[in-house]
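These numbers come from the heavy atoms of this one structure, side chains and all, not from hydrogens, waters or symmetry mates. Protein chains get the first letters and strands the later ones, always in sequence-line order, with residue 1 at the start of each.
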Number of protein chains: 2
Amino acid sequence: MATLTPPEAPPGADVRTVDIMLVDDHAIVRQGLRSILERESDLRVIAEAASRAEALAVVGATRPQIVLLDLKLSTSSDSEGLDLCAELSEQYPGLGILVLTTFLDDALVLRAVRAGARGYVVKDVDTSGLIRAIRDVARGESAFDARSAAAMVRGLNTPTAAEQKHLTPRECEVLSLLARGLSNRDIGGRLYISETTAKFHVGNILRKLGVTRRAEAVYEASKLGVI
Amino acid sequence: MATLTPPEAPPGADVRTVDIMLVDDHAIVRQGLRSILERESDLRVIAEAASRAEALAVVGATRPQIVLLDLKLSTSSDSEGLDLCAELSEQYPGLGILVLTTFLDDALVLRAVRAGARGYVVKDVDTSGLIRAIRDVARGESAFDARSAAAMVRGLNTPTAAEQKHLTPRECEVLSLLARGLSNRDIGGRLYISETTAKFHVGNILRKLGVTRRAEAVYEASKLGVI
DNA sequence: GTCGTGCCTGTCCGTCCGGACAGGGTGTGC
DNA sequence: GCACACCCTGTCCGGACGGACAGGCACGAC
């Protein structure tokens with residue numbers, strides 16, 4: 001077992017010490033991570049943040065090398081974590097962002113990488129895996145656990161629901177309105193096209209989705225996540 | 001700060017020592033919790049489990065006083081955590097189940113309590129709050145952080161979507177079929193009633209939901225969680 | 001240019017749907 | 001008994017819908 005590091009590393013610490021910031025809205029999770037990471041002599045948790053705004057402020061003040069970011073989701077705002085990821089990587093290009101999250105979603109891994117994340121680790125990882133990932137990212141490399149890497153590959157190769165059904169962009173627009181219960185007339189009005197055209201698109205959508213009634217299409221759309 | 005306890009408490013330890021089992025599918029979260037809890041001299045993490053099956057087996061072998069249970073959800077199986085909670089509280093009536101989870105859902109707190117949980121703490125709690133909750137549950141009391149308690153009260157007073165809309169049981173049945181895109185004829189066939197009657201119910205549903213088209217009703221139903 | 005694709009518009013027709021009638025039956029509670 | 005809620009059934013009608021015609025326009029690929 002590694003020896004415990006003191007809460008404050010002495011001045012003149014090893015230049016290879018990695019300064020880490022934790023971003024997670026759950027205090028207990030931050031505590032747990034801090035407790036784990038501080039057992040490693042070369043890792044130092046120098047800051048924490050619980051929200052997007054706090055993270056942006058604190059990262060500027062403390063300048064960590066690594067941000068350990070929980071993408072959480074499933075709470076109120078869908079893409080807060082992704083937004084933060086994008087903002088951080090834009091404002092601090094050298095910053096190593098390592099996503100540590102609960103969710104392993106094929107598309108999410110991709111979106112995180114596109115938002116500037118240099119690593120993606122599911123919380124299901126063990127301590128050594130996490131620490132290895134942190135050191136990798138600190139060295140400028142990327143770090144993905146096996147399942148995240150696989151998910152990324154799948155995400156790249158898995159077409160979206162719309163693509164799977166070969167829906168055209170216009171049809172996607174119509175579907176999203178259709179899925180909200182709008183009538184053909186309403187859809188036409190909303191898209192500045194005639195009711196006939198709306199009907200034309202709806203017909204194509206029904207055919208492509210393999211259903212015959214619009215209510216059924218709404219149900220399919222809700223399953224496909226179009227709503 | 002409390003002193004660190006050795007990994008194995010010596011025989012003849014304080015009888016008031018609380019033996020804890022951690023149930024969370026994320027190894028890193030378990031590690032973090034263990035690390036936090038073992039700073040307290042009266043708390044001892046004697047077991048961990050990552051799944052429902054493992055938890056049931058391990059709790060029988062190790063007989064902890066407290067199970068710290070992550071209800072997680074949002075993963076594959078919806079009610080695995082709740083099921084486990086119910087099974088544990090039925091098989092081991094004296095066991096103190098403290099739910100420690102990411103989600104604060106009004107209905108979920110209630111369901112957890114009905115499933116036998118003696119406490120509910122959101123992971124957003126700080127260390128002292130969690131430890132206090134564990135000690136409370138170990139003493140046979142219940143433990144809810146302020147927001148969970150409030151959520152429980154709300155959950156008790158918030159009627160379900162169907163109740164809010166004053167839908168009759170039969171209308172709920174019809175709505176669930178309607179929401180799957182079935183036609184009046186299909187609904188009638190499925191419920192062994194005439195198409196006319198299905199239409200009658202659908203009409204009442206539309207009126208009660210305040211919509212005029214069934215596709216709109218499907219959309220509302222998907223928002224209300226009827227699907 | 002030709003072809004294919006996406007997008008827009010129209011007509012016709014049969015069906016389904018939604019709304020409004022008008023009943024009958026059951027069970028519960030007062 | 002009576003009122004009430006819930007459930008079932010039917011008819012009528014106008015409008016919405018779904019399917020199948022038949023066209024037009026713009027754009028990029030070959």
Side-chain angles (χ1 to χ4, degrees), chain A residues 158-227, chain B residues 158-227:
Chain A
T158 303
T160 64
E163 285 166 351
Q164 272 181 331
K165 302 293 183 179
H166 301 104
L167 294 181
T168 69
R170 197 54 158 174
E171 284 161 0
C172 288
E173 288 183 79
V174 173
L175 177 55
S176 75
L177 295 177
L178 166 61
R180 281 167 180 73
L182 274 68
S183 68
N184 290 336
R185 181 188 302 267
D186 295 337
I187 293 171
R190 191 72 76 85
L191 296 181
Y192 304 105
I193 57 179
S194 77
E195 182 182 349
T196 303
T197 304
K199 207 162 150 183
F200 166 78
H201 289 306
V202 169
N204 289 331
I205 290 168
L206 294 181
R207 185 173 45 77
K208 291 182 180 178
L209 292 184
V211 299
T212 56
R213 279 176 303 277
R214 61 172 49 220
E216 218 174 338
V218 178
Y219 175 58
E220 287 298 320
S222 80
K223 282 200 301 184
L224 294 176
V226 178
I227 303 183
Chain B
T158 302
T160 65
E163 285 166 353
Q164 272 181 331
K165 302 293 184 180
H166 301 105
L167 294 181
T168 68
R170 196 54 156 176
E171 283 160 2
C172 289
E173 288 183 81
V174 173
L175 177 56
S176 76
L177 295 177
L178 166 61
R180 279 167 181 74
L182 275 68
S183 69
N184 290 335
R185 181 189 303 266
D186 294 338
I187 293 172
R190 191 73 75 85
L191 297 181
Y192 304 105
I193 57 180
S194 78
E195 183 182 348
T196 303
T197 303
K199 206 163 154 185
F200 166 78
H201 289 306
V202 169
N204 290 330
I205 290 168
L206 294 180
R207 184 173 46 76
K208 290 182 180 178
L209 292 184
V211 299
T212 56
R213 279 176 303 276
R214 61 173 49 220
E216 219 175 336
V218 178
Y219 175 58
E220 287 297 320
S222 80
K223 282 200 301 183
L224 294 175
V226 179
I227 303 183

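- With B/R214 contributing its side chain and B/L182 its backbone, the two residues share a donor-acceptor pair below 3.5 Å.
- Heavy-atom minimum distance, A/A179 versus A/V218: O-CG1, 3.5 Å.
- Atom CZ of A/R180 sits about 9.5 Å away from atom CG of A/L175, to the nearest 0.5 Å.
- Across all strands shown, A/S194 has heavy atoms under 4.0 Å from sugar-phosphate atoms exclusively, and none from any base.
- Applying the side chain to side chain contact (heavy atoms under 4.5 Å, CB included) rule to A/R170 yields the partners A/T168, A/E173, A/L191, A/I193, A/H201; only residues at least two apart in sequence or on another chain are considered.
- Rounded to whole Å, atom P of D/dC7 lies 10 Å from atom CG of B/L167.
- Remark: P of D/dC6 and CD of B/E173 are 14 Å apart, rounded to the nearest angstrom.
- The side chain of A/T168 places no N or O atom within less than 4.0 Å of a non-bridging phosphate oxygen (OP1 or OP2) of C/dG6.
- The CG atom of A/N204 sits 9.5 Å away from the CG atom of A/L167 when rounded to the nearest 0.5 Å.
- Distance CD1 (A/I193) to P (C/dT9): 6 Å, rounded to an integer number of Å.
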Any protein N or O atoms within reach of nucleotides 26-30 of chain C? Criterion: under 3.5 Å, listing atom names and distances.
none

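- Atoms CD1 and CD, on B/I205 and B/E220 in that order, are 13.0 Å from each other to the nearest 0.5 Å.
- Listed for the B/R213 side chain is no donor-acceptor partner under 3.5 Å among the backbone atoms of A/A215.
- When rounded to the nearest whole Å, the span between CG of A/N204 and P of C/dT9 equals 14 Å.
- In this structure, CG in A/L206 is found 8.5 Å from CD in A/E216, a value given to the nearest 0.5 Å.
- At whole-Å resolution of the value, CZ in B/R170 and C1' in C/dG25 are 14 Å apart.
- Separating the CD atom of A/E216 from the C1' atom of D/dG18 is a distance of 12 Å, rounded to the nearest angstrom.
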Any protein N or O atoms within reach of nucleotides 16-21 of chain C? Criterion: under 3.5 Å, listing atom names and distances.
residue, atom, partner, partner atom, Å
C/dG18, OP1, B/R214, N, 2.6
C/dG18, OP2, B/R214, NE, 3.1
C/dG18, OP2, B/R214, NH2, 3.3
C/dG18, O3', B/T212, O, 3.4
C/dG18, O6, B/K199, NZ, 2.8

Tabulate protein N/O versus nucleotide N/O from nucleotides 24-30 of chain D, keeping only pairs under 3.5 Å, one per line.
none

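- Rounding to the nearest 0.5 Å places OG of B/S183 at 10.5 Å from CG of B/L177.
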Next item on the list: Would you write the dot-bracket representation of DNA chain D, where each base gets (, ), [, ], | or . depending on whether it forms a Watson-Crick or G-U pair under 3.5 Å and with which partner?
Entry: ||||||||||||||||||||||||||||||
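- Between A/L191 atom CG and C/dC7 atom P the separation is 11 Å, expressed in whole Å.
- Here A/H201 reaches the OP1 or OP2 of C/dC8: one of its side-chain N or O atoms lies under 4.0 Å away.
- Expressed to the nearest 0.5 Å, how far CG of B/D186 lies from CG of B/L178 amounts to 11.5 Å.
- Qualifying side-chain hydrogen bond (donor to acceptor under 3.5 Å, both in side chains) partners for A/R185, counting only residues two or more places apart in sequence or in other chains: none.
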